[in-house]
Amino acid sequence: MKSKELKIFAVFGNPIAHSLSPLMHLAALDRMGIPARYVPFCVTDLQKAVEGIRGLNIAGVSITLPFKSSILPYLDETDEKARQMGAVNTVWNDQGVLKGYNTDWLGFVLSLKEHLDIQGKRFAVIGAGGAARAAVFGLIQEGGRPFILNRTPEKAQALAQAFGCPFFPWSQITEIEAEVLVNTTPVGMSPQREASPFPKELLRRFPWVVDIIYNPLKTRLLREAEESGCRTIDGLGMFVHQGAEQLKIWTGMEPPRPFMGEVVRNHLLSLEEMNPPREEDQTL
Ligand code: NAP
């Protein structure tokens, strides 16, 4: 996409004010030498917003909560993997044809593969929402063996059935064993910033603990996992890789991933300096 013409990109969500995608994508596009704007839209009418992509000649759009599933009927084409997942987080306006993709699962897989081999390992995935769906889908693609634990057993069961993997009721957490524990719930980010989704006394049985939350970078779960001797992976890598894969679809160019990580990490660290964690908060 090396061209001097100004390109417009966007992110659609509701709410959208706290998204770090504009910060990361603009820094990357600038580094890639692409004159661009990346605009956050708090969408109130999804169908009209999607029509606007064509009407305004927006080159690419990131899709975030709560529109990842509801956008599918409004697109012209959906990539096979996004269709299997039932969720789109990326729209590419390919000369007026709106094409949907999902890069969340790939972002998750690429961030894990920087640290460990997925093939053959057992993963205990906590949560059964959209992020769990991306994580479980990605793990299965890479030969991992995920199982699901969730507060609401019916949702765990539905996700497990969709992908043909086991699930366990929360009451059995003292019995589960896996090489990797993965938190995909929002427990650990604002407003539950000082809560943990998993009891500290059970963490030592997992060699690896992954939290897909990236704000804060070090959640209570990851702090307690380190104290228990586990190796840890935070959610920044997933965020960077899912965004980098979006830029790759839109521009055909390889984005500067380490630089993108640095930009977001520096921003998050400055936020944490302003809002340090409190010791007295409780584990859920
Ligand atoms: P979601 O669809 O709303 O699902 C949330 C899941 O967490 C549900 O299964 C819910 O359980 C569970 N949960 C919520 N509050 C809980 C609590 N207090 N105790 C126990 N379980 C609880 O949300 P999502 O889209 O999956 O997003 C989840 C997190 O992933 C967010 O923090 C988001 O920022 C993060 N995320 C990170 C990235 C990244 O790039 N790193 C990408 C996507 C998402 P029930 O089924 O019982 O309601």
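We count ligands from 1, going down the list as the structure has it; atoms in each ligand are counted the same way.
- When each atom of ligand 1 is checked for a heavy atom of G127 under 4.0 Å away, the hits are 9 (O).
- H25 and Y38 have parallel rings, their planes meeting at less than 30° on a 0 to 90° scale where 60° marks the start of perpendicular.
- Against a heavy-atom cut-off of under 4.0 Å, G235 is close to the following atoms of ligand 1: 41 (N).
- In K155, the part holding a heavy atom less than 4.0 Å from any atom of ligand 1 is the side chain.
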Side-chain donor-acceptor contacts of residues 108-119 below 3.5 Å, not counting sequence neighbours, with atom names and distances?
| residue | atom | partner | partner atom | Å |
| --- | --- | --- | --- | --- |
| S111 | OG | F108 | O | 3.0 |
| K113 | NZ | E142 | OE1 | 2.9 |
| E114 | OE2 | H241 | NE2 | 2.7 |

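- At least one heavy atom of A128 sits less than 4.0 Å from an atom of ligand 1.
- Using a 4.5 Å heavy-atom cutoff, the side chains of M24 and V263 are not in contact.
- Ion pairing between a basic and an acidic side chain is recognised when a charged N comes within 4.0 Å of a carboxylate O; E80 and R83 show such pairing.
- Against a heavy-atom cut-off of under 4.0 Å, Q192 is close to the following atoms of ligand 1: 18 (N).
- Evaluated by nearest non-hydrogen atom to atom 38 (C) of ligand 1, the leading choice among L236, N215, I212 is I212.
- Nearest to atom 25 (O) of ligand 1 by heavy-atom distance, out of N89, D104, L65, is L65.
- Counting heavy-atom neighbours within 6.0 Å of E175 CD, excluding the residue itself, gives a total above 12.
- Residue A132 has no nitrogen or oxygen atom sitting less than 3.5 Å from a nitrogen or oxygen atom of ligand 1, judged on distance alone.
- Remark: ligand 1 and R151 share an N or O pair separated by less than 3.5 Å (distance only, no angle test).
- Near V187, meaning under 4.0 Å from one of its heavy atoms, ligand 1 places the atoms 16 (C), 17 (C), 18 (N), 19 (N).
- With sequence neighbours excluded, the residues that form a salt bridge (Lys or Arg N to Asp or Glu O under 4.0 Å) with E227 are K200.
- Using a 4.5 Å cut-off on side-chain heavy atoms (C-beta onward), D234 and R265 make contact.
- When each atom of ligand 1 is checked for a heavy atom of Y214 under 4.0 Å away, the hits are 39 (C), 41 (N).
- Below 3.5 Å of separation, one finds an N or O of F239 facing an N or O of ligand 1.
- With contacts defined as side-chain heavy-atom distances shorter than 4.5 Å, the pair V61/I63 qualifies.
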